[in-house]
Structure formats: structure tokens, C-alpha cells
Amino acid sequence: EDFNQGKVGDCWLIAALNSLRLTETGNKMLNDIVSMDSVGNVRVILKGVDKEYVMTPEELAGADELVRGDLDVRAIEIAVIRFLHEIQDHQTHDKSIQNKMSGVKIKSADINDGMSPLSAPFYLLFDEECIDNIAVDEDLIEKIKSRKYIVLVSSHNGYSLDSFSKHHAYSVVSADDDFVYMYDPYD
């Protein structure tokens, strides 16, 4: 279902989840990590760090500062936030993430302070690598048009485009012969 970023600064996660839901493969990947039991508890598996988290219906309903809309996405967001808070002071997880992410550390402070690497959601959720800094060409545009490629875009202080917020992540949702269409997870 549709969803938008809440008050937590995790656009990097919400944009990635939106990109995944737009493809058949991405939907299958998301369905493989989220399940619900008979009383409404939702279980989320973070394959990249071999962790599992369970949220009660009350926890999901009471997390008003988090993503609005789809409760599966809210459950994934809660699981990722719990994990990031757990590793804040644990050097072993920090080191393994640093090595896996080619030298980029993810810490719980990244939720509110600046951009986390765009490949972080793919590693945490699925233990998958992500390609950074791809070239925009006709082949890529065709892949986007056919929804066979997931593209995330981040902005930073170096961009001067008025329509992009600084330190924010977006997902590319489609393209045609004239435009590339972006999803802003916040709005």
C-alpha cells in the first residue's frame, strides 16, 4: 500500500522500500522478510545482520511518529530502528557493518543526523550489495521504464536544484521519453 515518511529522518530507508515495492522481485523480497501471526504480531527478519524483531499490534498502532500508511513498512522501520539503537555501543556489529559497507559506518545517530548510505537498507534487510554512482544513459532509462531496475537518488550540499531537499533520499518511480519521475518519501 501507499506510505510516506513520518517524523523520523530515515528517508534513505523509506525511499528504498518504495523502490522495492514497485517491482515484482522487490515485492517478493519484502514479503519474504515480513510475516504476521494469528494474533496480529508482525515479525521482521533483517537478513543482513541475522536479526529478527516482533512488533505487537499495539506497538504498530502507537508509533505515530513513524511512516504513515502501510503497517508492514512501519514494522520494517521499527525493526531497523531497533537494530540501529542496539548496535550504537556494540563494536562487533559496527565493525562487521563497516567492512560489509566498504568502509561506511552506520550508527543509530544516522537516523537523525545526515544521510545514511543508500545501500544500507539493502544490506540490512537482504544482505544484498548495491551499486553506487551509476551513469544515466538510454539503457538505464529503458530499465526504469520497464521497472526492472531500482534507482535511489540522494541529494547533498553540492546540489543546487531547487526541487531537491538537501540531505534527502528519493526513489525513481518511472520514466518516459521526456521525464524521470521521482518519489519523495516525506511527501
Side-chain angles (χ1 to χ4, degrees), residues 1-23 26-27 29-30 33-34 42 44 46-49 53 55 60 63-88 97-98 100-102 104-134 136 140 144 147 149-175 179-187:
E1 295 179 17
D2 288 336
F3 52 88
N4 290 88
Q5 180 182 345
K7 296 177 183 170
V8 176
D10 59 357
C11 57
W12 53 274
L13 175 63
I14 305 306
L17 294 173
N18 183 67
S19 289
L20 285 161
R21 80 178 178 115
L22 295 174
T23 68
N27 268 303
M29 291 169 73
L30 290 169
I33 65 166
V34 179
V42 177
V44 174
L46 302 182
K47 292 181 178 183
V49 290
Y53 297 91
M55 280 66 62
L60 291 169
D64 292 334
E65 72 281 3
L66 299 180
V67 71
R68 298 176 306 273
D70 191 287
L71 288 182
D72 286 349
V73 174
R74 185 178 283 188
I76 293 169
E77 183 180 28
I78 291 170
V80 168
I81 289 170
R82 283 183 183 172
F83 173 73
L84 291 175
H85 283 288
E86 284 175 13
I87 67 165
Q88 185 172 6
I97 288 174
Q98 183 177 4
K100 187 79 173 183
M101 301 288 296
S102 303
V104 179
K105 278 192 186 181
I106 310 167
K107 289 188 164 257
S108 60
D110 290 335
I111 293 173
N112 293 313
D113 297 333
M115 284 294 297
S116 290
L118 291 182
S119 53
F122 301 99
Y123 164 66
L124 290 173
L125 299 177
F126 311 112
D127 196 18
E128 295 285 335
E129 294 293 327
C130 196
I131 301 169
D132 289 330
N133 299 324
I134 56 173
V136 177
L140 177 62
I144 293 169
R147 291 197 172 180
Y149 205 78
I150 293 172
V151 178
L152 298 174
V153 177
S154 68
S155 62
H156 54 77
N157 286 332
Y159 287 112
S160 60
L161 298 172
D162 292 335
S163 58
F164 288 91
S165 298
K166 290 181 181 179
H167 302 291
H168 193 53
Y170 302 85
S171 54
V172 175
V173 295
S174 64
F179 298 100
V180 173
Y181 301 91
M182 309 289 286
Y183 165 81
D184 180 347
Y186 191 73
D187 187 11

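The analysis underlying the following values was restricted to heavy atoms, covering all of them including side chains, and did not include hydrogens, waters or symmetry mates. Note that the structure is predicted; figures quoted are calculated from it, not measured.
- L125 places a side-chain heavy atom less than 4.5 Å from the side chain of L17.
- Distance CD/E77 to CG/D70: 11.5 Å, rounded to 0.5 Å.
- Rounding to the nearest 0.5 Å places CD1 of I81 at 7.5 Å from CD of E65.
- Residues V44 and F83 are not in side-chain contact: their nearest non-hydrogen atoms beyond the backbone lie 4.5 Å or more apart.
- Residues forming a salt bridge (charged side-chain N to carboxylate O under 4.0 Å, His left out) with R74 (at least two apart in sequence, or on another chain): none.
- Q5 contributes atom CD, which lies 9.0 Å from atom CG of L13 (distance to the nearest 0.5 angstrom).
- Of the inter-residue distances, the one linking L124 atom CG with K47 atom NZ reads 13.5 Å to the nearest 0.5 angstrom.
- Two residues are said to be in side-chain contact when any heavy atoms from C-beta on lie closer than 4.5 Å; L30 and I76 meet this criterion.
- Taken to the nearest 0.5 Å, the CZ atom of F179 stands 11.5 Å off from the OG atom of S174.
- Y183 meets the side-chain hydrogen bond (donor to acceptor under 3.5 Å, both in side chains) test with no other residue; sequence neighbours excluded.
- Residues that satisfy the side-chain contact (heavy atoms from CB on, under 4.5 Å) test with A175, not counting sequence neighbours, are I141, I144, K145, V180.
- Every residue meeting the side-chain contact (heavy atoms from CB on, under 4.5 Å) condition with R68, not counting sequence neighbours, appears here in chain and number order: N4.
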Let's go through L71 and V42 carefully: what are the C-alpha distance in whole Å and the side-chain angles of both, what is the deciding distance for side chain to side chain contact (heavy atoms under 4.5 Å, CB included) to 0.1 Å, and is it a yes or a no?
CA-CA 9 Å; L71 288 182; V42 177; over 6 Å; no
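- With contacts defined as side-chain heavy-atom distances shorter than 4.5 Å, the pair I78/Y53 does not qualify.
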Worked check of side chain to side chain contact (heavy atoms under 4.5 Å, CB included) between V172 and M182:
CA-CA 4 Å; V172 175; M182 309 289 286; 3.6 Å; yes
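- Put simply, the residue from D72, N27, D2 that forms a side-chain hydrogen bond (donor to acceptor under 3.5 Å, both in side chains) with R21 is D2.
- For the atom pair CD1 (I14) and CZ (F3), the distance works out to 6.5 Å, reported to the nearest 0.5 Å.
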